[in-house]
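See below for the structure under consideration.
Lettering of chains follows the sequences in order, A, B, ..., and the numbering in each one begins at 1. Treat the numbers as computed from the prediction; the structure is a model and nothing was measured.
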Amino acid sequence: MSRALIWFQHDLRLEDNPALQVALKRGQHPIPVYVHDPAETPIGAASAWWLHHSLDALRQRLRALGSDLFLLEGDSAVALQRAAQDTAAEALYWNRSYAPGMRERDQRLSRKFSQNGLHTESFNASLLRDPMQISKFDGSPYRVFTPFWKTLQKLGPARDPLAGCGRLPPPDVKPAAAQPLRSLRLLPACGWDSEFHQHWEPGETSAWRQLEAFLDNHLIDYAEERDLPALMGTSRLSPHLHFGEISAVQIWHRVNRWAQQDRSPGAVAAAEAFLREVAWREFAHHLLFHFPHTADSPLDSRYRAFPWRHDYANDLRAWQQGNTGIPIVDAGMRQLWASGWMHNRIRMLVASILSKNLLIPWQQGAAWFLDTLVDADLANNSFGWQWSAGCGADAAPFFRIFNPVTQAKRFDADGSYVRRWVPQLRKLPNKWIHQPWLAPAPELSNAGIYLDTNYPSPIVSLDSSRKRALAAWKRMKQQTRHGEEV
DNA sequence: TGCCTCTTAAT
DNA sequence: TTAAGAGGC
């Protein structure tokens, strides 16, 4: 029986896994490997926590089926070549990443392997459609969501979800460099992750439990409740999706089946509202694949001339630590730090405050998110930040500046989200919970709040910083107009 | 999935 | 005094 290396990356699942299935279909003996190569694919601290536990879960599933998962470290091409030699594998299969530089890396790898007489093959497992399969009539990539979404709805996923696997042949050989999980050093040293287990359970099994619970309890109300951060109205599947514990194809099929089976009015509309969000993820990956420079520079090139501030170090730190003095913003940043996740409505608000009211380059916010989110995903993150900063595809025009107090009153009317994450403000009446700086002194002292002692006053005036942002935007437009003339 | 300001018209 | 709509940023 010939052997095939199955190179796991962001596809940490056994069901609907094309690389694993092709080996089994061809009667090849699968040798599952994972290569930790932070130099090539950097990983934030919170996602590293997730990865550790997801690898553990995948390995346990593989062992339960009679196989194993071998953990390697270092340059992926080198590690895989050695593993192929050690195990006398004749083939290498993997599921593709569409992140910048990965296609070139995969081509180099394929060349090297075929020089040694080894067969290589890669598959799309993370997206509904390969990014090269979707384009406008003229062949160019989409830059606007709605036509992209219409095309995606018409085409649907590229395939039906693949089945899982039964008992696997035991690994009779193993790569010599295989390491124990803990030696990859993926867990934070300082105990920052102490609360993460209360909020999350990485792994394929719990990804499905999460999806089923969402379908049973929340999807029917998704359109109304997805914007209320105090509720669990969203699917919370993002980290499971990022690590490929569940695939977009699986979600697409399962949600459509739910819509067919659920008789209640609105089920079809609810399913479509949710799949539309899955399509935003698809759109973000489509954009980063076709415009790889947008990981750290604006898609709209006029924004290269945007007059960001330079002396923002203190404000950036206050934002990161949830000490801006604007409760809804601080609640979001503290939720992020404590749980590795933030509700999407609040992500938009904190991004707007950073890039517009504080005039801090969006890349600084993006970097913080990449380090602290368990669902940190280069495509979604770059897209989301550029959307918020007004410089991305289909972005909010720059002059659409959120007022976080107005937004908080609309989406956290009773203040329960703020009270959950900023307990200092717990006793403040609803009238002032979103703007404690306007509360009369007796109200503050009754609630035990001492501004600038146990809760800060706002680091910017919402009104004047809004005007400052609009002025900066106008300056950029003048500059670029001037630049075009020259 | 914007906010602000102004206008108009109903009270 | 307030609600609703329109237009500009």
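- Residues satisfying the salt bridge (Lys or Arg N to Asp or Glu O under 4.0 Å) test with A/R96, not counting sequence neighbours, are A/D130.
- A/W341 has its side chain out of reach of A/L336: every pair of non-hydrogen atoms, C-beta onward, lies at least 4.5 Å apart.
- Residues passing the ring pair (Phe, Tyr, Trp, His ring centres under 6.0 Å) test with A/F8, sequence neighbours excluded: none.
- Within the structure, salt bridge (charged side-chain N to carboxylate O under 4.0 Å, His left out) pairs that include any residue of residues 194-207 of chain A comprise A/R61-A/E204, A/E201-A/R209 (at least two apart or interchain).
- Judged as a salt bridge (Lys or Arg N to Asp or Glu O under 4.0 Å), and not counting sequence neighbours, A/D138 has no contacts.
- Taking 4.0 Å as the cutoff to heavy atoms of chain A, we find the contact window on DNA chain B bounded by B/dT1 to B/dC4.
- Contacts between residues 387-408 of chain A and DNA chain B, defined by a heavy-atom separation below 4.0 Å, involve A/W387, A/F399, A/R400, A/I401, A/F402, A/N403, A/T406, A/Q407, listed by number.
- With sequence neighbours excluded, the residues forming a salt bridge (Lys or Arg N to Asp or Glu O under 4.0 Å) with A/D463 are A/K467, listed by chain and number.
- Among the atoms of the strands shown, base atoms are found under 4.0 Å from some heavy atom of A/R466.
- Residues satisfying the side chain to side chain contact (heavy atoms under 4.5 Å, CB included) test with A/R281, not counting sequence neighbours, are A/S126, A/L127, A/L241, A/A248, A/H285, A/N380.
- In this structure, A/R347 reaches neither bases nor backbone, as no heavy-atom distance under 4.0 Å exists between it and the strands shown.
- Considering only residues two or more places apart in sequence or on other chains, A/P188 meets the side chain to side chain contact (heavy atoms under 4.5 Å, CB included) condition with A/W49, A/W192, A/D193.
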